[in-house]
Amino acid sequence: MLDKKYLRDNPDEAIARLGLRGAQFEAPLRRFAELDIERRNTQTELDELKSRRNALSKQVGELMKTGKRDEAETVKAESKALGEQIDELEALFSALDDEERGLLLGLPNFPYPEIPTGGEENAVVVSEWGDALPAQDWMADQFELGNRLGLFNFEAGVRVTGAGFPFLTGAGAMLQRALINYMLDVHIREHGYTEVRPPFIVAPQSPLGTGQLPKFGNQMYHVHIWDEDKPGTPGQPDFYLIPTAEVPVANLYREQILEQPGLPIKLVAYSPCFRVEAGSYGSEVRGLKRLHQFEKVELVRIADPERSWEDLEEMTLEAESILRRLEIPFRRKVLPTGDMAFGSAKTYDVELYTPLSGWLEVSSASNTTDWQSRRANLRFRKEAGGKPEFAHLLNASGLALPRLVIAVLEQYQQQDGSISVPQVLRPYMGGMELIRRPESGIPQV
RNA sequence: GGAGAGGUGGCCGAGCGGUUUAAGGCGCUCGCCUGGAAAGCGGGUGUGCUGUAAAAGGUACCGAGGGUUCGAAUCCCUCCCUCUCCGCCA
């Protein structure tokens with residue numbers, strides 16, 4: 001959510017800044033300006049009426065006490081009339097206030113000044129690391145490798161749930177678990193994060209705080225509690241499955257004022273992620289590239305506004321450090337204004353390189369500045385007795401798993417068809433050095 | 001899921017229709033006192049909106065929402081949550 005006072009005082013600047021996102025926000029911003037004036041005038045008037053009613057009511061009390069019943073009745077009548085005016089004005093006020101709030105909830109964050117404008121094609125690669133491993137004739141892609149080695153089972157996933165919900169099996173499941181544990185350990189032990197195990201199902205207030213609601217509810221799975229009285233007519237969703245751990249973790253301190261918390265607060269969370277991901281199917285997203293359910297280790301920082309841009313740089317490096325340790329080449333892009341998430345002021349995407357699947361996004365690191373914290377009403381006090389101020393909220397995947405698994409499979413495959421387990425993961429896989437086709441195990445069909 | 005109790009300021013806790021601008025206490029803070037400190041005494045001590053150059057002031061908030069009333073922390077309705085006991089359960 002943007003700062004009302006800023007919008008009020010700098011309407012043209014606000015229009016120009018949001019204009020950088022491509023879409024037109026002039027109309028809602030102009031409407032906001034109108035509403036804001038009307039709302040405030042209404043409130044002033046309303047407060048005045050209430051003040052008078054309070055005085056009259058007090059007067060009634062005194063008159064009753066001193067036995068002046070008739071006079072009390074007169075004042076009562078006056079106060080009642082006032083009350084009717086108040087009710088009317090109150091209705092107007094809440095209509096204006098609701099519309100204003102709705103408008104504000106529908107506005108994205110201001111982009112950071114120096115980032116490129118335009119769509120996806122304008123993303124700028126700002127750094128690259130590692131040497132891309134060229135594809136060889138004998139190499140197989142992730143889908144074939146996984147099937148051959150019995151690492152996952154897509155058909156079974158379709159049977160059990162539907163497309164996009166694969167089983168990981170055998171060494172595939174172990175590899176995934178090893179990566180999760182390894183990444184958590186790196187962030188906890190070396191980057192100073194505190195681990196959080198969040199709820200995977202959240203009430204609507206939480207995605208409202210992070211910005212998925214009210215505009216993007218159709219990208220999340222809804223959970224309804226069965227109501228005997230009105231089966232089949234769910235109405236308002238009761239809960240959502242989290243699309244990322246960012247949602248519960250960024251809401252950890254929602255509605256709180258943190259007293260001299262010593263920012264940044266660094267949180268790392270593993271979670272499954274559920275996304276509807278309408279559209280875009282076919283061979284391009286075959287295998288593990290795009291799923292309805294995937295897993296992720298997520299970094300969240302609650303930052304001091306004065307140094308949140310440094311926090312963004314640090315977090316991106318922390319995400320990238322996983323790839324360095326696994327010796328997987330990657331590059332970093334700055335997303336242009338038109339390609340950023342709604343709440344982000346600046347986003348880096350980290351893409352790893354795989355021999356057969358090419359560049360794949362495995363992390364997205366964003367500074368949402370005070371946009372999310374305003375929605376979530378997350379504040380802190382820098383010094384005792386000081387004014388509460390909105391913290392900055394940042395998030396970065398550290399990292400998303402399926403595509404990381406793709407990279408490990410494709411890059412670490414051997415000519416004999418096995419996959420060599422990356423050094424750093426071996427302790428997490430009981431010392432396993434090679435993933436081979438199991439001679440015995442569960443049937444694959 | 002059943003029965004009972006309860007949700008009040010940073011914390012404890014009173015209030016159960018009108019001197020509540022929420023008693024009292026604790027904590028915090030400022031001042032007085034003191035050589036210094038403790039004790040004691042006195043003042044201050046929330047958040048949002050509004051307002052202002054800044055103040056002052058106004059208004060709302062006693063779990064949430066609605067209702068009754070001239071007036072609601074207080075009465076009524078609905079919901080949420082916490083605690084105790086029972087049941088069920090990984």
Side-chain angles (χ1 to χ4, degrees), chain A residues 1-9 32-105 197 199-206 208-209 223-230 234-239 251-261 272 370 373-391:
Chain A
M1 204 151 61
L2 300 174
D3 182 3
K4 262 188 213 183
K5 284 186 190 116
Y6 173 82
L7 295 179
R8 186 181 299 157
D9 297 338
F32 165 80
E34 286 174 15
L35 275 173
D36 189 50
I37 291 171
E38 213 183 329
R39 190 203 94 241
R40 285 186 301 153
N41 288 342
T42 307
Q43 185 175 346
T44 305
E45 205 179 327
L46 193 58
D47 282 356
E48 208 171 291
L49 291 179
K50 282 180 174 174
S51 174
R52 272 164 56 198
R53 182 178 63 181
N54 286 346
L56 289 179
S57 293
K58 196 171 245 175
Q59 215 178 314
V60 171
E62 280 159 16
L63 290 171
M64 297 286 269
K65 205 163 279 177
T66 48
K68 298 174 182 168
R69 289 206 151 259
D70 292 348
E71 278 180 61
E73 287 305 319
T74 313
V75 179
K76 252 194 206 182
E78 198 182 333
S79 179
K80 185 166 193 171
L82 207 54
E84 279 156 18
Q85 269 188 70
I86 288 171
D87 286 346
E88 249 172 69
L89 215 53
E90 191 99 59
L92 174 64
F93 176 81
S94 67
L96 293 169
D97 199 47
D98 287 352
E99 189 183 345
E100 190 176 332
R101 181 173 162 76
L103 221 55
L104 283 174
L105 286 174
R197 286 258 160 176
F200 302 148
I201 296 178
V202 290
Q205 271 305 314
S206 296
L208 190 78
V223 179
H224 299 288
I225 293 175
W226 183 257
D227 187 342
E228 291 291 339
D229 297 332
K230 38 180 180 175
Q236 278 290 100
D238 298 300
F239 299 105
N251 279 283
L252 181 62
Y253 297 112
R254 172 151 49 85
E255 310 287 342
Q256 304 300 308
I257 299 174
L258 304 173
E259 298 294 338
Q260 300 164 273
D370 60 354
S373 58
R374 280 180 189 281
R375 291 177 160 244
N377 200 17
L378 164 53
R379 293 171 294 171
F380 75 105
R381 243 189 278 268
K382 202 168 279 187
E383 39 198 76
K387 270 218 173 72
E389 56 182 308
F390 290 104

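Quick caveat, the model's predicted, so the values are computed rather than measured. Letters go in sequence order (proteins before strands), and every chain restarts at 1.
Contact check for A/M1 versus A/L105: side-chain heavy atoms found under the 4.5 Å cut-off. Considering only heavy atoms from C-beta on, A/R53 stays 4.5 Å or farther from A/L49 through its side chain. The shortest side-chain heavy-atom distance between A/R40 and A/R8 falls under the 4.5 Å cut-off.
Between the C1' atoms of B/C85 and B/U68, the separation comes to 36 Å (whole Å). Taking atom P in both B/G6 and B/G63, one finds a spacing of 14 Å when rounded to whole Å. Atom C1' of B/C11 sits at a distance of 33 Å from the matching atom of B/C86, rounded to the whole Å. Taking the C1' atoms as reference points, B/A39 lies 14 Å from B/C32, given to the whole Å. Using atom C1' as the reference point in both B/C26 and B/G9, the two lie 13 Å apart (nearest Å). With C1' as the reference atom, B/C79 and B/U21 are 32 Å apart, rounded to whole Å. Across the C1' atoms, B/U47 and B/A22 are found 16 Å apart, a figure rounded to whole Å. A distance of about 40 Å separates the C1' atoms of B/U59 and B/G4, rounded to the whole Å.
The minimum heavy-atom distance linking A/A72 with A/M64 is given by the pair CB-SD, 3.8 Å.
Within a 6.0 Å radius of CD in A/E48, other residues, nucleotides and ligands contribute 12 heavy atoms or fewer.
Across all strands shown, the partner of B/G1 is B/C86, judged by Watson-Crick or G-U wobble contacts whose two distances both fall under 3.5 Å. Nucleotide B/G51 has no partner under the Watson-Crick or G-U criteria, as no pair reaches both atom distances under 3.5 Å. Under the Watson-Crick or G-U wobble criterion, with both distances below 3.5 Å, B/G71 has no partner in any strand shown. Base pairing of B/U45 is made with B/G27, judged by Watson-Crick or G-U wobble geometry with both donor-acceptor distances under 3.5 Å. In this structure B/G17 sits in no base pair that meets the Watson-Crick or G-U test at under 3.5 Å. Of the nucleotides present, none pairs with B/G36 by Watson-Crick or G-U wobble criteria with both distances under 3.5 Å. Checking B/C79 for Watson-Crick or G-U wobble geometry (two distances, each under 3.5 Å) identifies B/G63 as its partner.
Contact annotation for A/N54: backbone-only contact, meaning every heavy-atom pair under 4.0 Å involves sugar-phosphate atoms and none involves a base. Heavy atoms of A/V60 sit under 4.0 angstrom from at least one base atom. Nucleic acid contact class of A/R8 (heavy atoms, under 4.0 Å, all strands): sugar-phosphate only.
Mapping A/L46 and A/I257 onto RNA chain B by nearest heavy atom places A/I257 closer to the 5' end of the strand. Comparing A/G83 and A/S57, the nucleotide of RNA chain B nearest to each residue sits closer to the 5' end for A/S57.
With hydrogens and angles disregarded, no donor-acceptor distance shorter than 3.5 Å links the side chain of A/D370 to the backbone of A/F390. Looking at A/R379, its side chain never comes within 3.5 Å of a backbone N or O of A/I257 through a donor-acceptor pair. Looking only at distances, a side-chain donor or acceptor of A/T42 sits under 3.5 Å from a matching main-chain atom of A/E38.
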Could you list the donor-acceptor pairs under 3.5 angstrom formed between side-chain atoms of residues 85-99 of chain A and any protein atom two or more places apart in sequence or on another chain?
| from | atom 1 | to | atom 2 | distance (Å) |
| --- | --- | --- | --- | --- |
| A/S94 | OG | A/E90 | O | 3.4 |
| A/S94 | OG | A/A91 | O | 3.3 |
| A/E99 | OE1 | A/R31 | NH2 | 3.1 |
| A/E99 | OE2 | A/R31 | NE | 2.9 |
| A/E99 | OE2 | A/R31 | NH2 | 3.3 |

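Bounding nucleotides for the chain A contact on RNA chain B, 5' to 3', at a heavy-atom distance below 4.0 Å, are B/G18 to B/G71.
Note on A/K4 versus A/D36: no salt bridge recorded, every NZ/NE/NH1/NH2 to OD/OE distance being 4.0 Å or above.
Contact check of residues 35-44 of chain A against RNA chain B (heavy atom, cut-off under 4.0 Å) returns A/R39, A/R40, A/Q43, A/T44.
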